[in-house]
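Structure first, then comments.
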2 protein chains.
Amino acid sequence: MARAPRAADAAYARIRALIAGGELAPGAPLREEELAALCGVSRTPVREALMRLEQDYLVRRTDGQRSYVADWSLDDIAEMFALRAMLEGHAAARAATRITPEGLEALRRLNARLASAVAAGDTEGFLAANRAFHDTVLGAAQSPRLAAMIGGLVEQPVVRRTAVRYGARELGQSHAEHEALIEAFARGDAGWAESVMAGHIRRAFHAFADASRAAPARSPDGSAPARAPRS
Amino acid sequence: MARAPRAADAAYARIRALIAGGELAPGAPLREEELAALCGVSRTPVREALMRLEQDYLVRRTDGQRSYVADWSLDDIAEMFALRAMLEGHAAARAATRITPEGLEALRRLNARLASAVAAGDTEGFLAANRAFHDTVLGAAQSPRLAAMIGGLVEQPVVRRTAVRYGARELGQSHAEHEALIEAFARGDAGWAESVMAGHIRRAFHAFADASRAAPARSPDGSAPARAPRS
DNA sequence: GCCGATCCTAATGTATACAAAACGCCGGCG
DNA sequence: CGCCGGCGTTTTGTATACATTAGGATCGGC
């Protein structure tokens, strides 16, 4: 239950969804007034939303403070995955020595759910379970700053595209890696947990990169993505 | 030349300085109107400043959106240093294979300046050179996201307090570690660079922790620090 | 024909007024 | 005596109007 239905939160969610859904193509300019009209709020909450989206690297601002939808090059994405591998690996290491029996049980349950989703070919179910799994690990790491950093980094659109392009075998591999992680946690082996997690993320990157090479740029309307001016 | 003397930037800098300087004690409530009056601007830029300070972990917001000066426990600081060690270590590894001869030369120059400052007992000079050195390494890593993360983490007040309490020998040790880093860069040895940097940061943490134990809490006016309500 | 300066337009930055919500207080009740 | 609920004050959230500045187009000069 969202306690506060703030306009700023609504605007944030809406704009984020527009970007994730591709309605706002990478490089497209974001005018505050236009977005305000789109969200049915004034510019003030839109400004807050844009600042938050900038934190998430979904929006880029030029020196003149104009906003554009961020366009991620494959290099950018590689960098992002590398950072995630390091950070989530670290989180897993911390979690290995801090996780409670309840947390461990939750992970087992979530991974079972993930397995069912894979078996049923349910991509949304997979994404939900996968996200919950990673969030649980992050919570067990008990490091708010680490969680915030990873949260800002996890480009939901990218994760989604990766999963959508995963084959059944690759999805199954995720399940197996999660199982290994659970085993490492059960034994309190921080080094193992870190290695498994880092490898898990890096494999996801290569799956994404392979898929990208097969089907590079895509825009809902088929038009060429707009380019933003100077960095 | 600051290109844009924006009120929001001014407010950010001013409030940040007030927190760093201790005029605003940890846990103290931050009312937007009061800060606006203090900075001679309206609430709008203050709001932006507070959001940025929250990113820097200098300000905490309750669920009710009220703002307080963040109070860092020693555990929090330990966590921060651990993250810094990991991130800056990673940055050093990247820099080792990317740094240009000019960058290397700049590091040598900066570390020489740092040595002079140490010899002269010039703490401010040390801080400036030290910061420039680390920024240069960060730049050479060519990872904007990594730079942003570390930037948000480097608690200037903490770094300052650490340096102020450093003895001459410890300051000299920083110089020596920087030299080792330069050597690792010159040889393009990413693993070495990472190890040196991580150790460098972790040593700084222990220096800080030792100093903190010797002289724990201090408030300019000597009053007990205010406590903020629920987390 | 190309480059540059200047003006114009359009977007953002700031200030203020109003609305809504949260916190704390006070009184009443168990 | 302690706890719970309602009410007033205070603080933040939102909307809007105005100021300022960046970007782009146009016109003139070379």
Side-chain angles (χ1 to χ4, degrees), chain A residues 1-16 18-19 24-55 58-71 226-231, chain B residues 1-16 18-19 24-55 58-71 226-231:
Chain A
M1 288 84 253
R3 178 112 62 79
R6 295 196 312 151
D9 292 338
Y12 172 78
R14 183 114 173 69
I15 298 171
R16 184 166 180 134
L18 287 174
I19 294 175
L24 291 169
L30 297 170
R31 293 200 325 303
E32 294 178 356
E33 219 161 345
E34 181 183 320
L35 295 171
L38 238 144
C39 301
V41 299
S42 84
R43 272 179 53 207
T44 310
V46 169
R47 268 166 89 64
E48 181 177 334
L50 284 178
M51 284 194 268
R52 287 167 60 185
L53 288 164
E54 193 189 0
Q55 274 190 245
L58 276 157
V59 165
R60 240 188 59 242
R61 291 182 90 125
T62 64
D63 36 341
Q65 298 294 109
R66 282 170 144 83
S67 302
Y68 299 87
V69 178
D71 53 338
R227 295 297 306 185
R230 79 220 116 297
S231 188
Chain B
M1 288 2 219
R3 181 108 62 80
R6 296 196 312 153
D9 292 338
Y12 171 79
R14 184 112 173 66
I15 298 170
R16 182 163 181 137
L18 287 174
I19 294 175
L24 291 170
L30 297 170
R31 286 177 303 100
E32 294 178 356
E33 217 162 347
E34 182 183 320
L35 295 172
L38 237 144
C39 301
V41 297
S42 84
R43 273 179 53 209
T44 310
V46 168
R47 257 167 154 291
E48 181 177 334
L50 284 178
M51 285 195 267
R52 286 168 60 186
L53 289 163
E54 192 190 0
Q55 276 188 242
L58 275 156
V59 164
R60 242 188 55 241
R61 290 181 90 125
T62 64
D63 36 341
Q65 297 295 108
R66 279 171 148 78
S67 303
Y68 299 87
V69 178
D71 53 338
R227 294 299 304 184
R230 80 219 113 300
S231 186

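Quantities reported herein were computed from a predicted structural model and do not represent experimental measurements. A, B, ... follow the sequence lines: proteins, then strands. Residue 1 opens every chain.
- Taking five base pairs at each end of the helix from C:dG1-D:dC30 to C:dG30-D:dC1 and finding the rotation axis that steps the C1' atoms of four pairs onto the next four gives two axes whose angle is 30°, to the nearest 10°.
- With rounding to the nearest 0.5 Å, the separation of CG in B:Leu53 from CD in B:Glu48 is 10.5 Å.
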Between protein and nucleic acid, restricted to nucleotides 8-15 of chain C and to nitrogen or oxygen atoms under 3.5 Å apart, what atom pairs and distances do you find?
from, atom 1, to, atom 2, distance (Å)
C:dA11, OP1, A:Arg31, NE, 2.9
C:dA11, O5', A:Arg31, NE, 3.2
C:dT12, OP1, A:Leu30, O, 3.2
C:dT12, OP1, A:Glu32, N, 3.4
C:dT12, OP2, A:Glu32, N, 3.1
C:dG13, OP1, A:Gln65, NE2, 3.1
C:dG13, OP1, B:Arg6, NH1, 3.1
C:dG13, OP2, A:Arg47, NH1, 2.2
C:dG13, OP2, A:Arg47, NH2, 2.9
C:dG13, N7, A:Arg43, NH2, 3.0
C:dG13, O6, A:Arg43, NH1, 3.2
C:dT14, OP1, B:Ala7, N, 2.4
C:dT14, OP1, B:Ala8, N, 3.2
C:dA15, OP2, B:Ser42, N, 2.7
C:dA15, OP2, B:Ser42, OG, 3.0
C:dA15, N7, B:Thr44, OG1, 2.8

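- Ion pair B:Asp9/B:Arg52 flagged as a salt bridge, since at least one NZ, NE, NH1 or NH2 atom sits closer than 4.0 Å to an Asp/Glu carboxylate oxygen.
- Remark: B:Arg14 pairs with no residue by the side-chain hydrogen bond (donor to acceptor under 3.5 Å, both in side chains) rule, at least two apart or across chains.
- With sequence neighbours left out, the side-chain hydrogen bond (donor to acceptor under 3.5 Å, both in side chains) criterion links A:Gln55 to no other residue.
- A distance of 13.5 Å separates CZ of A:Arg16 from CG of A:Leu24, quoted to the nearest 0.5 Å.
- For A:Arg66, there are no side-chain hydrogen bond (donor to acceptor under 3.5 Å, both in side chains) partners at least two apart in sequence or on another chain.
- Contacts of B:Glu34 classified as side-chain hydrogen bond (donor to acceptor under 3.5 Å, both in side chains), with partners at least two apart in sequence or in another chain: B:Arg31.
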